[in-house]
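For the numbers below, each heavy atom of this structure counts, side chains included, while hydrogens, waters and symmetry mates do not. Treat the numbers as computed from the prediction; the structure is a model and nothing was measured.
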Amino acid sequence: MAKKYIDIMDTTFRDGFQSVFGGRVLMDDFFPAVEAAKQAGITHFEFGGGARFQSLFFYLQENAFDMMDGFREIVGKDANLQVLSRGINTVMLDTGSREMIDLFAKMFAKHGTTTVRNFDALNDVNNLMYSSECIKKYGMNHEVVVTMMDLPPGCKGAHDVAFYEKTLRNILESGIDFDSVCFKDASGTANPHKVYETIRMARKLLGEEVHLRLHTHETAGVSVAAYLAALEAGANGIDLAASPVSGGTSQPDILTMMHATKGTNFNLGDLELNKVLKYEERLKECLADYMVPPEATQVSPLIPFSPMPGGALTANTQMMRDAGDLEKFDEVILAMKEVVERGGYGTSVTPVSQFYWQQAYANVMFGPWKQIAPGYGRMVLGYFGKTPVEADPEIIKLAGEKLKLEPTTQNPLDIADGDEHKSIAHWTKVLEEEGLPVTEEHIFIAASCDQKGIVFLKGEGPLMVRKGKNNCSGGKEMAGNYTVVVDGKQYSVQVAEGNADIQVTPASSSAPVTAVAEAATPSAVVSGEGSIRINSETPGNVWKILVNPGDSVKEGDKIMILEAMKMEIDIVAPKDGRVATIHVKVNDAVADQQLLATME
């Protein structure tokens with residue numbers, strides 16, 4: 001009797017890269033490994049979408065559409081190339097308008113996509129309906145998703161088998177056109193027994209003909225057990241990755257799962273051991289110069305208490321490394337439980353996982369609930385759809401006050417359609433004003449990446465890849481003299497290449513604090529500083545400067561906006577007065593407590 005064929009999607013080049021490197025892998029470095037995967041007999045790849053889409057523009061200065069075209073050229077016309085899409089967000093940073101969602105589908109079909117895995121982190125089926133229409137309109141396969149996780153211990157209200165059955169029935173009753181169904185556990189926290197019962201429920205509900213699969217991560221250490229449970233319950237497909245971007249925060253390794261299914265009735269994609277070994281050897285060679293963050297290779301027993309997706313975990317730790325506050329990581333993870341519990345139990349997968357992370361980060365850096373992260377606040381207020389359970393009323397009230405927004409039950413797409421900044425006409429005008437060619441690709445890049453998309457198209461973005469001898473952002477020389485802050489004390493540090501001596505002495509109390517990075521180049525002459533000093537309260541990057549020296553401001557007026565952890569942080573005037581000096585410029589990296597501006 002023939003073994004049951006199980007479709008294997010290789011996630012190495014999308015989720016694997018995202019989970020291990022925060023998506024920061026250059027296409028010319030990994031394309032030889034794609035050829036090796038093809039030679040190993042792999043025909044189903046996850047090759048784009050999700051957070052990986054922005055990472056090419058933000059950090060690599062590469063065009064994601066060029067990467068997709070190059071990938072298709074290597075694997076040929078018959079391979080199933082799949083992308084990840086977030087329902088009404090698609091691959092954008094925020095809810096897209098209907099015309100932008102349509103443009104997403106048009107562009108991704110044009111650039112080689114076969115299948116779109118389409119999910120909503122809140123499991124609000126209304127958020128899947130329009131995007132599914134667009135996906136099918138342009139001839140792609142639609143894989144509809146129910147998102148999963150285990151709730152932190154002691155939490156109840158959603159994410160049990162009954163909740164997933166209700167969600168699946170809502171999908172079926174909505175009339176959404178789909179080609180396959182995936183249960184997606186981005187945090188890897190769904191326990192294997194629940195996985196078995198959920199897949200068994202779905203198989204009974206869908207019948208035997210529907211292609212049914214599970215996606216999970218090894219972050220919590222139960223992914224192989226979860227996959228075996230899913231296969232026993234009737235799944236047709238699972239997602240695996242290749243070493244060195246397998247395990248840990250990523251998917252289980254192809255070889256590991258081949259070993260785990262020995263002696264069973266499952267045939268994993270007709271894959272052959274020796275061919276997979278050669279593929280993994282080639283991939284290792286291709287990635288040899290890349291820094292593998294230690295947390296990307298680890299299983300964390302704490303993740304079920306604070307569910308953080310593998311694909312987001314390393315992206316966040318990479319940003320914390322860039323900002324110089326990685327020592328706060330454990331505190332932020334521990335703070336997530338309360339944030340999840342009080343936020344309505346949306347599944348911890350992008351963008352909701354990032355909302356959770358941003359709010360936990362804010363609670364650690366600024367004090368519990370002193371600030372409301374914009375994404376988290378808008379989520380609990382209903383601007384992204386309906387949460388699985390109602391958020392904590394106290395948090396809803398606080399979010400409304402902080403963000404100056406009222407709770408809403410309006411369709412998020414109607415809200416987006418009313419925002420001119422989310423229109424094709426708006427971004428066409430921006431491209432024209434910047435002197436950039438107006439193409440559909442450029443419009444979507446600008447709309448989905450905002451100002452960073454424009455910076456990319458102008459060729460002005462920084463290369464931020466941890467690769468080679470120094471593994472530092474942009475390949476800058478790090479030797480030199482620095483002033484650093486350790487436990488509130490300043491030290492003058494001399495850093496030299498090779499084995500040279502390093503001298504460390506207490507810094508003068510008058511020395512400027514630059515915290516590992518050189519002081520930012522001022523955008524204005526800093527003579528004539530005012531008596532009121534405005535400092536950063538967190539490491540980050542300058543996103544926008546809204547005033548000029550000499551401008552009059554009122555207490556609470558925004559002076560500039562920083563970006564940290566993909567979160568906007570308003571820097572406001574502490575009192576009425578006049579802006580005297582600005583000490584940073586747009587795109588500068590700033591340290592904690594760095595001087596940003598002065599007033600008088």
Minimum-distance pair of heavy atoms, taken over all atoms of [X] and [Y]:
| X | Y | result |
| --- | --- | --- |
| I101 | S131 | CG2-CA, 3.9 Å |
| V590 | V584 | CG1-CG1, 3.9 Å |
| P412 | G385 | CG-N, 3.5 Å |
| Y345 | P388 | O-CG, 3.3 Å |
| V579 | M599 | CA-CG, 4.2 Å |
| R24 | V465 | O-CG1, 4.1 Å |

[X] side chain vs [Y] backbone, donor-acceptor pair below 3.5 Å:
| X | Y | result |
| --- | --- | --- |
| E434 | I454 | no |
| T408 | Q410 | yes |
| N123 | T147 | yes |
| Q54 | S448 | yes |
| T598 | G530 | yes |
| H159 | L151 | no |
| T189 | D150 | yes |
| T347 | A121 | yes |

With a 4.0 Å cut-off on N to O distance, would you call D94 and R86 a salt bridge?
no
Is any NZ, NE, NH1 or NH2 atom of the basic residue among K554 and D557 found under 4.0 Å from an Asp or Glu carboxylate oxygen of the other?
no
Can you say whether the rings of F21 and Y290 are parallel (under 30°), tilted (30 to 60°) or perpendicular (over 60°)?
tilted
Evaluate the ring planes of F444 and F104, with Trp represented by its six-membered ring, and classify them as parallel (under 30°), tilted (30 to 60°) or perpendicular (over 60°).
tilted
Candidate pair D570 and K544, rule salt bridge (charged side-chain N to carboxylate O under 4.0 Å, His left out), full reasoning:
CA-CA 10 Å; D570 295 336; K544 291 181 180 179; over 6 Å; no
Stepwise side-chain contact (heavy atoms from CB on, under 4.5 Å) test for Y59 and V25:
CA-CA 9 Å; Y59 307 117; V25 182; over 6 Å; no
Gap separating the [atom1] atom of [X] from the [atom2] atom of [Y], nearest 0.5 angstrom:
| X | Y | atom1 | atom2 | result |
| --- | --- | --- | --- | --- |
| L398 | K370 | CG | NZ | 10.0 Å |
| Q61 | L26 | CD | CG | 10.0 Å |
| M100 | D417 | CE | CG | 11.0 Å |
| M92 | K422 | CE | NZ | 8.5 Å |
| D124 | F384 | CG | CZ | 12.5 Å |
| Q359 | R342 | CD | CZ | 10.0 Å |

I561 and I571: CA distance, side-chain angles, deciding distance, side-chain contact (heavy atoms from CB on, under 4.5 Å) verdict:
CA-CA 6 Å; I561 302 174; I571 305 298; over 6 Å; no
Would you indicate whether the side-chain heavy atoms of N63 and L56 approach each other to under 4.5 Å?
no
Do V380 and T387 have side chains that get closer than 4.5 Å, going by heavy atoms?
no
Is it the case that more than 12 heavy atoms not belonging to E390 sit under 6.0 Å from its CD atom?
no
Mark yes when over 12 heavy atoms from residues, nucleotides or ligands other than E433 sit less than 6.0 Å from its CD; otherwise mark no.
yes
Report the C-alpha separation of W369 and E338 in whole Å, then their side-chain angles, then the decisive distance to 0.1 Å, and conclude whether the side-chain contact (heavy atoms from CB on, under 4.5 Å) test is met.
CA-CA 11 Å; W369 306 106; E338 181 185 12; 3.1 Å; yes
Below 6.0 angstrom between ring centroids: does that apply to F58 and F53?
no
All side-chain contact (heavy atoms from CB on, under 4.5 Å) counterparts of E460, not counting sequence neighbours:
V455, K458
Does any donor atom in the side chain of H421 or D450 lie under 3.5 Å from an acceptor atom in the other side chain?
no
side-chain contact (heavy atoms from CB on, under 4.5 Å), that's the test. Do Y376 and M379 meet it? Break it down for me.
CA-CA 5 Å; Y376 185 84; M379 177 184 71; 3.9 Å; yes
